[in-house]
Amino acid sequence: MAVPKRRTSKMKQKMRRGANRWRAPKLQTCSECGSRVPGHIACPSCGSYAGRQVLEVDAL
């Protein structure tokens, strides 16, 4: 069974685990209504995606 020859330094451990940190989701603006929407998802407020209407949204 493989065993490490040297102990991993604290800096190497921190650099490796730094990729797992939380990042805020990147939001795009809807071209129709201007609301903030995650990418590749139809806008929940107006129902448009890629410049065309794909969902019927009922106004309250």
Side-chain angles (χ1 to χ4, degrees):
M1 197 161 117
V3 177
K5 189 168 254 187
R6 299 272 183 214
R7 180 179 176 177
T8 307
S9 68
K10 292 177 185 175
M11 190 66 187
K12 283 283 186 186
Q13 289 176 0
K14 289 177 186 179
M15 285 176 65
R16 185 176 65 244
R17 292 178 182 145
N20 299 330
R21 68 184 181 276
W22 181 85
R23 292 182 185 97
K26 292 185 168 78
L27 300 175
Q28 301 171 348
T29 54
C30 176
S31 61
E32 302 295 321
C33 65
S35 64
R36 305 289 284 167
V37 181
H40 303 285
I41 291 180
C43 180
S45 60
C46 68
S48 66
Y49 179 75
R52 57 190 166 90
Q53 193 72 22
V54 293
L55 295 175
E56 291 294 326
V57 179
D58 297 329
L60 295 177

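Since this is a predicted model, take the numbers as computed values, not measurements.
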Checklist outcome for this item: Heavy-atom closest pair (Leu27 atom, Arg36 atom, distance to 0.1 Å) is O-NH2, 3.2 Å

Checklist outcome for this item: Here the pair of heavy atoms bringing Ser48 nearest to Glu32 is OG-CG, 3.1 Å

Next on the checklist: Just to verify, which of Cys30, Cys46, Ser45 counts as forming a side-chain contact (heavy atoms from CB on, under 4.5 Å) with Val37?
Outcome noted: Cys30

Checklist entry - Tell me the side chain to side chain donor-acceptor pair (under 3.5 Å) pairs involving residues 9-28, sequence neighbours left out? => result none

Checklist entry - Which ILVMFWY residues can you reach from Met15 by hopping between side chains whose heavy atoms are under 4.5 Å apart? => result Met11

Item to check | Tyr49 to Val54 - nearest heavy-atom pair and separation | outcome: CB-CG2, 3.7 Å

